[in-house]
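Structure first, commentary second.
Throughout, a chain's letter reflects where its sequence line sits, starting with A, and its residues are numbered from 1.
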Number of protein chains: 2
Amino acid sequence: MTDIKSNANPLFLREEELRQGIELLFYAYRDFTSDPDEILSTYRFGRAHHRAVHFIGRNPGMTVAELLAILRITKQSLSRVLSQLIDRGFVEQKKGAEDRRQRLLYLTESGIDLELRLSQPQQARVARAYREAGAEAVEGYRKVLMGLIKDDDRARIKKTFR
Amino acid sequence: MTDIKSNANPLFLREEELRQGIELLFYAYRDFTSDPDEILSTYRFGRAHHRAVHFIGRNPGMTVAELLAILRITKQSLSRVLSQLIDRGFVEQKKGAEDRRQRLLYLTESGIDLELRLSQPQQARVARAYREAGAEAVEGYRKVLMGLIKDDDRARIKKTFR
DNA sequence: TTTTATATGTCAACATGACTGACATAAAGT
DNA sequence: ACTTTATGTCAGTCATGTTGACATATAAAA
C-alpha cells in the first residue's frame, strides 16, 4: 500500500497539510468551547447565550440587527436566547435615541458578571497557547484565521480590531 | 468614559488581544463550516455527518470507540448519525479480525466521493488563507491551535500528524 | 400626507444533534 | 465461571437552528 505521507507527489503533501489544518481547527474549537460550556450548563444556558453575551459585552448599545449579522442566525433563533437573557436580568434593551425602532442591547451588572465568568477560563486557555507559541506564532494565527473569514465580513472585523 | 483600547494599562491591552483571538476563532469557524454545510443540506445531512465521514475517511478501519473519543459526543448521538450513513451506503462496518466485538468503520466508494465533495471547498478556503498568510504564518497558526487543544489529546493528535 | 420600507417581535411547526439513563448482546480477559 | 469491554438500542428531553406568516412602530420617500 502506498504511504500517502511519504509520497513524493507534492499534491499529496499539500492535501495532507490542508487536512491537518482543518482538523486542527476542529479540535481547537472543540476544546476552546469546553470551559464556558461547563459553566453555562449551571445556568441552564447554552453556547448561543454565551455568544450573545460576548458580543453585547463587546459592543454595548449594538442593535439586534447588528447582532444577527455577526451570529449569522435567524431572528427567531436569536429572539429565544435574547428573551431568556432579558427575562433573567442579564441583558437589557433601550430604545434608540435617533431611531426609536431600534432596541439597543446592553449587559446589566449581572450580565457583565456572567460574561466575565465565561470568558475567564477561555481567555486563560488562549493566553497559555499564546505564551507557549510565542508572539510571532500569534501573528500567524491571526493572519490565517482572518484569511478563513469570508471577504465581506473581514473588512468589518478588521475595523473593530483597531 | 475610559477608552479601553488606548488605556496604558498592560492588562487591558492583553485582555483586548485575547478577546480578539477568541472572536477570530469564532468567526473563522463560522465561515469555515459554511461551505460544507450548504452541500450537506442537499443530502439532508448535518455537520455531524461531515465530522463522521471526515474522520472515518482519515482513519479507515477505526473503531466506534475511537471515533467517539475524537468527536467527544455520546454513543447515542453518534449512533443516529452513523446508522444513517450506513443505511444510505456511505459507511460500512466490518467485524474486527482480532477483537470480534469491534465494528471497524470504512467509507464506501460513495462515502469517499461524498467526503471529497465536502472537503474540496473547505480545503480551497484553507489553501487560500495559507497562501495569503505565508508559510511562517501557517506555522504559527498550527502552533497556537495545537496549544488550544487539551493536554490529554494533544499528544495523540501530534502522532497522527507525522 | 399617503405610501413604502425598515427594525423588531412573535406565533406555529419542524429538524438536527446533543444529552441522560437503562438495558441487551457478544466477545474478550481474569 | 465471572467480570469487563465494545457496541447497539430504546425512551425521553433539551438547545439551537430552520421556514413562513403576520403584527407593530417608526422612519423615509413619493
Side-chain angles (χ1 to χ4, degrees), chain A residues 26 29-30 33-34 36-56 61-88 91-106, chain B residues 26 29-30 33-34 36-56 61-88 91-106:
Chain A
F26 163 77
Y29 197 81
R30 181 196 67 179
T33 52
S34 65
D37 280 356
E38 267 187 53
I39 299 165
L40 285 160
S41 72
T42 71
Y43 289 82
R44 300 203 183 170
F45 282 152
R47 207 174 282 179
H49 300 85
H50 184 195
R51 291 187 197 125
V53 163
H54 171 91
F55 284 107
I56 295 170
M62 77 190 307
T63 67
V64 173
E66 285 166 350
L67 185 51
L68 282 173
I70 286 177
L71 299 177
R72 296 255 177 100
I73 57 175
T74 57
K75 191 168 55 160
Q76 296 79 357
S77 291
L78 177 59
S79 104
R80 201 177 323 140
V81 166
L82 211 47
S83 51
Q84 287 165 355
L85 287 169
I86 291 166
D87 287 351
R88 291 178 48 190
V91 168
E92 58 183 352
Q93 292 182 312
K94 293 177 189 164
K95 278 199 178 177
E98 292 156 33
D99 187 336
R100 298 197 318 174
R101 291 171 302 180
Q102 297 178 334
R103 298 296 125 87
L104 308 184
L105 301 168
Y106 296 90
Chain B
F26 163 76
Y29 197 80
R30 182 196 65 179
T33 51
S34 65
D37 280 356
E38 267 187 50
I39 299 164
L40 286 159
S41 71
T42 72
Y43 289 81
R44 300 205 182 169
F45 282 153
R47 206 174 283 179
H49 299 85
H50 184 194
R51 290 187 196 125
V53 164
H54 171 91
F55 284 106
I56 296 169
M62 77 189 308
T63 67
V64 172
E66 285 166 350
L67 185 50
L68 283 173
I70 286 177
L71 299 177
R72 297 255 178 98
I73 57 175
T74 57
K75 193 166 54 158
Q76 297 77 358
S77 292
L78 177 59
S79 106
R80 199 177 330 140
V81 165
L82 210 48
S83 50
Q84 286 165 355
L85 287 169
I86 292 166
D87 287 350
R88 291 179 48 192
V91 168
E92 58 182 353
Q93 293 182 311
K94 292 177 191 167
K95 278 199 179 177
E98 291 156 34
D99 187 335
R100 298 199 316 175
R101 293 172 303 180
Q102 297 177 333
R103 298 295 126 86
L104 309 184
L105 301 168
Y106 296 89

Subject >> Counterpart residues, side chain to side chain donor-acceptor pair (under 3.5 Å), relative to A/H50 (two or more places apart) >> reply: none
**OP:** Figure out the CG/P separation between A/L71 and C/dT8, and round it to whole Å.
**Re:** 14 Å
Original post:
Whole Å only: how far is the CD atom of A/Q93 from the C1' atom of D/dT24?
Top reply: 15 Å
**OP:** Find the distance A/L105:CG to C/dA7:C1' and express it as a whole number of Å.
**Re:** 12 Å
**OP:** At under 4.0 Å between heavy atoms, which parts of nucleotides 23-30 of chain C does protein reach? Answer with one letter per nucleotide, 5' to 3': B base, S sugar-phosphate only, - none.
**Re:** ---BBS--
Original post:
So what does B/S83 touch, heavy atoms closer than 4.0 Å: a base, only the sugar-phosphate, or nothing?
Top reply: nothing
Original post:
Who pairs with A/Y29 by ring-ring contact (aromatic ring centres under 6.0 Å, His included), at least two apart in sequence or on another chain?
Top reply: A/F32, B/Y29
Subject >> Residue pair B/G61 / B/L104: nearest heavy atoms and the distance that separates them >> reply: O-CD2, 3.5 Å
**OP:** Starting at atom CG of B/L104, determine the distance to atom C1' of D/dT7, rounded to an integer number of angstrom.
**Re:** 12 Å
Original post:
For B/L82 and C/dA18, what is the distance between atoms CG and P respectively, to the nearest whole Å?
Top reply: 13 Å
**OP:** Specify the separation, in whole Å, of atom CG of B/L78 and atom P of C/dA18.
**Re:** 9 Å
**OP:** Sequence neighbours left out, what passes side chain to side chain contact (heavy atoms under 4.5 Å, CB included) with B/S83? Give chain and number order.
**Re:** none
**OP:** Have a look at B/E66 and say if it touches a base, only the backbone sugar-phosphate, or nothing, with a 4.0 Å heavy-atom cut-off.
**Re:** nothing
Subject >> Residue-phosphate contact under 4.0 Å: B/T74 side-chain N/O, C/dC19 OP1/OP2 >> reply: yes
Under 3.5 Å, which donor-acceptor pairs do the side chains of residues 74-82 of chain A form with other protein atoms, sequence neighbours left out?
from	atom 1	to	atom 2	distance (Å)
A/T74	OG1	A/S77	N	3.4
A/T74	OG1	A/S77	OG	3.1

Subject >> Under the side chain to side chain donor-acceptor pair (under 3.5 Å) test, residues paired with B/Q102 that sit two or more places apart >> reply: none
Only distances under 3.5 Å count here; give the side-chain donor-acceptor pairs of residues 92-100 of chain B to other protein atoms, sequence neighbours excluded, each with its distance to 0.1 Å.
from	atom 1	to	atom 2	distance (Å)
B/D99	OD1	B/R101	N	3.0
B/D99	OD1	B/R101	NE	3.1
B/D99	OD2	B/R101	NH2	2.9

Original post:
Who are the side chain to side chain donor-acceptor pair (under 3.5 Å) partners of A/T33, not counting sequence neighbours?
Top reply: A/R47
Original post:
Excluding sequence neighbours, so at least two apart, what forms salt bridge (charged side-chain N to carboxylate O under 4.0 Å, His left out) with B/R51?
Top reply: none
Subject >> Separation of atom CG in A/D87 from atom P in C/dG9, rounded to whole Å >> reply: 12 Å
Subject >> Protein-nucleotide distance (A/L67, atom CG; C/dA7, atom P), rounded to Å >> reply: 15 Å
**OP:** For A/L105 and A/F55, run side-chain contact (heavy atoms from CB on, under 4.5 Å): C-alpha distance rounded to whole Å, both residues' side-chain angles, the deciding distance at 0.1 Å, then the answer.
**Re:** CA-CA 10 Å; A/L105 301 168; A/F55 284 107; over 6 Å; no
**OP:** For each nucleotide in nucleotides 11-17 of chain C, reading 5' to 3', give B when a protein heavy atom comes within less than 4.0 Å of its base, S when such contact involves only the sugar-phosphate, and - otherwise.
**Re:** B----SB
Original post:
Bend across the helix from C/dT1-D/dA30 to C/dT30-D/dA1, to 10°, with axes taken over 5 pairs at each end?
Top reply: 30°
Under 3.5 Å, side-chain donor or acceptor atoms of residues 38-45 of chain A against the rest of the protein: list the pairs with distances, not counting sequence neighbours.
from	atom 1	to	atom 2	distance (Å)
A/S41	OG	A/E38	O	2.8
A/T42	OG1	A/I39	O	2.6
A/Y43	OH	A/R117	NH1	3.2

